[in-house]
Amino acid sequence: MDKQPFPNLFSPIDIGGLALRNRIVSTGHETHLNDRGWIGDAMIAYHEARARGGAGLIVTEVALVHSSAVFVANPIRVDTDDCIPGYRRLAKAIHGHGCGLIAQLFHPGREMLASEDGTAPVSYSASATPNERFHVMPRPMPREMIAEVISAHGDAAIRMREAGLDGVEIVGSHGYLPAQFLNCRVNRRSDEYGGSLENRARFIREIASDIRAKAGEDFVIGLRLSGDERSHEGVEQSEMLDACELLAGDSSLSYFSVVSGSSATVAGSVHIVPPMTEEAGCTAPLGHAVKARTGVTTMVTGRINQPQDAERIIASGQADLCGMTRAMICDPDLGEKAGTGRADDIRACIGCNQACIGHFHAGYPISCIQNPVSGRELSLGRTEPARARRKVMVIGGGPGGMKSAAVAAGRGHDVTLFEREAQLGGQARLAQALPHRAEFGGIVTNLAREMELAGVKARKGVAVDEGVITEFEPDAIVVATGAEPRWPAFEGRDDAHVVDAWQVLRNEANVGKSVVVADWRADWIGIGIAEHLAQRGHQVKLAVNGYMPGQTIQMYVRDSGIGRLHGLGVEMMPYVRLFGVDEDAVYLQHIMNDEPVICEGVDTLVLCQGHNPLTTMEVLVRRLGVEHHLVGDCVSPRTAEEAVLEGLLAGRAV
């Protein structure tokens with residue numbers, strides 16, 4: 001057998017008596033897969049896929065220890081014995097694959113995202129200090145309530161032990177309740193839980209001590225914390241290191257799980273699930289500092305998407321374990337592939353945040369734009385082999401076409417993909433040309449590898465027509481021809497200097513100094529084009545038909561983009577629609593009252609007005625009477641997520 005390419009990542013480790021087979025961790029993250037507040041079949045199937053795929057440790061998502069901790073509808077709760085059967089079933093499934101299992105224990109304090117019934121709940125914190133992001137004014141916790149919440153953590157740990165779990169993790173990260181006690185700018189108490197660091201750390205220390213006393217010495221107790229909250233009035237790195245040193249002195253904690261950011265501010269929240277704008281392994285230096293100061297076993301999480309990155313972090317001593325959560329949302333088999341010398345076969349996460357945290361924020365179960373099976377293990381987890389080998393023609397080499405080809409060939413069909421361009425990838429190749437979006441091109445690399453492994457034949461530079469179809473004689477066709485830029489009708493369109501986003505990215509347009517970007521879709525394209533042009537010295541106005549730029553995309557991606565635009569001096573104009581243009585002005589309308597908004601001294605109007613589906617091929621195959629399946633933007637222009645999901649379904653249907 002060849003030498004293990006990741007010897008540090010795949011070396012065993014012991015955490016507080018829990019022996020792990022490797023250093024790969026699926027850290028706690030919201031899935032929206034619970035069954036009306038309980039752990040059911042969907043969540044078990046989701047986590048079991050990662051355990052089966054080679055993870056060393058799985059940490060389940062936040063579970064509420066106290067009635068005052070309810071912050072969304074139907075949360076997982078561990079404040080009664082009713083939770084034990086679900087966790088017991090989960091533990092049995094995970095342990096059956098040789099993987100460890102730890103549960104997160106949670107109280108958000110003032111970080112109230114939503115409610116159970118639409119009415120705002122009463123929130124509690126160390127003090128009556130409001131947060132900036134959710135605009136919540138909490139009540140100070142009475143000392144009796146503090147004691148009750150501390151004891152609730154220990155009681156929950158007993159339940160987890162009875163269910164067969166290996167340990168629990170106190171969620172003190174991202175500005176949640178334990179962090180609110182630690183933060184001297186939030187905690188303004190004058191009793192024994194406020195003032196000095198020793199007093200402010202008392203809440204966490206007593207929680208850990210209560211858990212240890214109730215659950216026993218051989219039960220794992222972790223603490224998740226933000227090494228730096230990266231927020232206005234947040235806990236800074238030096239302060240957190242002092243706190244960690246104090247906490248480590250009690251010997252109650254088995255490990256620290258280090259992240260960054262805070263839920264309390266918009267700027268801090270971006271780091272909760274850092275988008276592709278952040279470097280791979282961005283939290284590793286924070287973890288290294290904690291490990292060096294305390295000597296306690298430390299894991300880090302944050303954009304560790306490849307085993308090479310995890311190996312480097314562990315080999316350098318920055319951490320003992322690596323949270324590779326989104327990496328395993330994208331490819332649950334990452335551990336098994338990396339451990340058996342098949343790292344090139346890993347479907348690498350691109351940090352888009354669209355279907356993982358994006359689904360959670362939208363209220364939907366977790367998934368992945370590259371791996372639609374994630375979160376749908378019960379319905380899509382099994383691909384049946386083809387009953388008879390068929391000759392399948394896929395027309396269009398974007399993500400939807402590539403996925404359908406890979407899936408169909410993987411089932412045993414003879415599949416040939418036709419792409420009129422010289423390269424595969426469709427609009428993903430344009431997306432990767434935008435600032436901070438280069439990693440999006442990874443979806444093309446990953447799908448190309450899936451096609452290669454499945455045996456798909458690709459014919460590039462071929463424009464399919466009736467003659468090509470007739471000569472090929474397919475048994476079935478997948479039409480994935482995509483879309484083209486939409487040019488709506490407006491006054492002056494044919495007389496002024498008007499270009500579209502595709503022309504800008506392909507360097508097919510000579511864009512003038514002063515530019516208006518007319519953004520109808522309010523997605524990442526408008527933000528990206530505005531940033532692209534501003535970086536090149538253009539004076540840019542971004543006119544958005546919505547209430548903010550990036551309205552339709554995941555908030556961390558949107559907010560970080562808006563911050564960069566502000567720094568580049570881009571003028572952002574929400575609530576406007578495009579009306580007309582002439583040789584030196586762009587005419588807009590306010591979408592609420594139709595009043596004119598005029599931008600003067602404009603050299604170029606850049607259209608980001610969405611797309612129109614390309615339906616010519618659909619019409620042709622319908623006329624020819626060939627079995628066909630439609631995928632992606634040629635059905636209706638949307639995103640890569642829908643294209644890949646429909647490609648998967650089409651590949652299974654042929």
Side-chain angles (χ1 to χ4, degrees), residues 31 33 41-55 93 97 327-337 340 342 344-349 355-356 359 365-417 424 443-458 474-480 627-632 635 640-654:
T31 65
L33 290 173
D41 293 344
M43 186 175 291
I44 292 171
Y46 173 82
H47 287 303
E48 186 176 8
R50 278 110 198 117
R52 184 189 305 114
H97 298 284
M328 284 186 282
I329 297 171
C330 190
D331 193 337
D333 298 322
L334 177 147
E336 191 274 332
K337 290 177 180 178
T340 56
R342 296 188 294 126
D344 289 344
D345 297 349
I346 293 171
R347 183 189 302 110
C349 168
C356 48
H359 272 209
I366 197 169
S367 194
C368 175
I369 72 168
Q370 298 192 75
N371 181 23
V373 176
S374 276
R376 302 182 178 96
E377 284 79 10
L378 293 180
S379 59
L380 297 181
R382 180 175 174 81
T383 300
E384 297 292 341
R387 288 178 290 180
R389 183 174 173 84
R390 306 178 75 195
K391 191 175 184 182
V392 178
M393 181 182 203
V394 177
I395 305 173
M402 296 174 77
K403 187 66 176 182
S404 65
V407 172
R411 295 179 56 230
H413 291 308
D414 178 8
V415 181
T416 303
L417 182 146
L424 300 175
I443 191 173
V444 182
T445 303
N446 293 333
L447 286 167
R449 181 62 172 166
E450 289 184 33
M451 287 172 51
E452 179 185 354
L453 292 172
V456 175
K457 297 179 284 292
D475 296 312
I477 295 176
V478 175
V479 179
E627 176 191 328
H628 62 277
H629 306 266
L630 306 178
V631 166
V635 182
E641 179 183 358
E642 292 79 22
V644 172
L645 172 58
E646 291 169 2
L648 172 73
L649 298 176
R652 292 183 173 192
V654 294

What salt bridge (charged side-chain N to carboxylate O under 4.0 Å, His left out) pairs are there with at least one residue in residues 42-52, not counting sequence neighbours? E48-R52, R50-E377

Heavy-atom nearest pair, H413 first then A388, reads CE1-O, 3.2 Å

Could you walk me through whether S367 and R376 pass side-chain hydrogen bond (donor to acceptor under 3.5 Å, both in side chains), step by step? CA-CA 7 Å; S367 194; R376 302 182 178 96; 2.9 Å; yes

Determine whether I443 and V644 satisfy the following criterion, side-chain contact (heavy atoms from CB on, under 4.5 Å), listing intermediate values before the conclusion. CA-CA 10 Å; I443 191 173; V644 172; 4.3 Å; yes

From I346 atom CD1 to R449 atom CZ, the distance as rounded to the nearest 0.5 Å: 11.0 Å

Can I get a per-line list of side-chain donor-acceptor pairs under 3.5 Å for residues 393-410, giving both atom names and the distance, sequence neighbours left out?
residue, atom, partner, partner atom, Å
K403, NZ, E450, OE1, 3.0
S404, OG, G400, O, 3.3
S404, OG, G401, O, 2.8

Indicate yes or no for a side-chain donor-acceptor contact from R411 to the backbone of T383 under 3.5 Å, with no hydrogens or angles considered. no

For the pair H629 (side chain) and V478 (backbone), establish whether a donor and an acceptor sit closer than 3.5 Å, ignoring hydrogens and angles. no

Which pair of non-hydrogen atoms, one from P365 and one from H359, has the smallest distance, and what is that distance? O-ND1, 2.7 Å

Okay, side chain of D475, backbone of V392: is any donor-acceptor separation there less than 3.5 Å? no

Nearest heavy-atom pair of C349 and A327: which atoms, and what distance? CB-CA, 4.0 Å

Write down the atom of M328, the atom of L334, and the distance for their closest heavy-atom approach. CG-CB, 4.2 Å

Are the side chains of P474 and T416 in contact, using a 4.5 Å heavy-atom criterion? no

What's the separation between atom CE in M43 and atom CG in L33, rounded to the nearest 0.5 Å? 5.5 Å

How long is the span from the CG atom in L417 to the NZ atom in K457, to the nearest 0.5 Å? 11.5 Å

Look at the side chain of R347 and the backbone N and O of N446, then say whether any donor-acceptor pair between them is shorter than 3.5 Å. no

Sequence neighbours left out, what pairs pass salt bridge (charged side-chain N to carboxylate O under 4.0 Å, His left out) with at least one residue falling in residues 640-654? R638-E646

If we check side chain to side chain donor-acceptor pair (under 3.5 Å) with K337, which of these qualifies: D344, D331, D345? D331

Shortest non-hydrogen contact between L380 and P372, atoms and distance: CD1-O, 4.1 Å

Spatial distance of atom CD (Q370) from atom CG (L648) [nearest 0.5 Å]: 13.0 Å

So which heavy atom on I329 is nearest to which on C356, and how close? CD1-CB, 4.1 Å

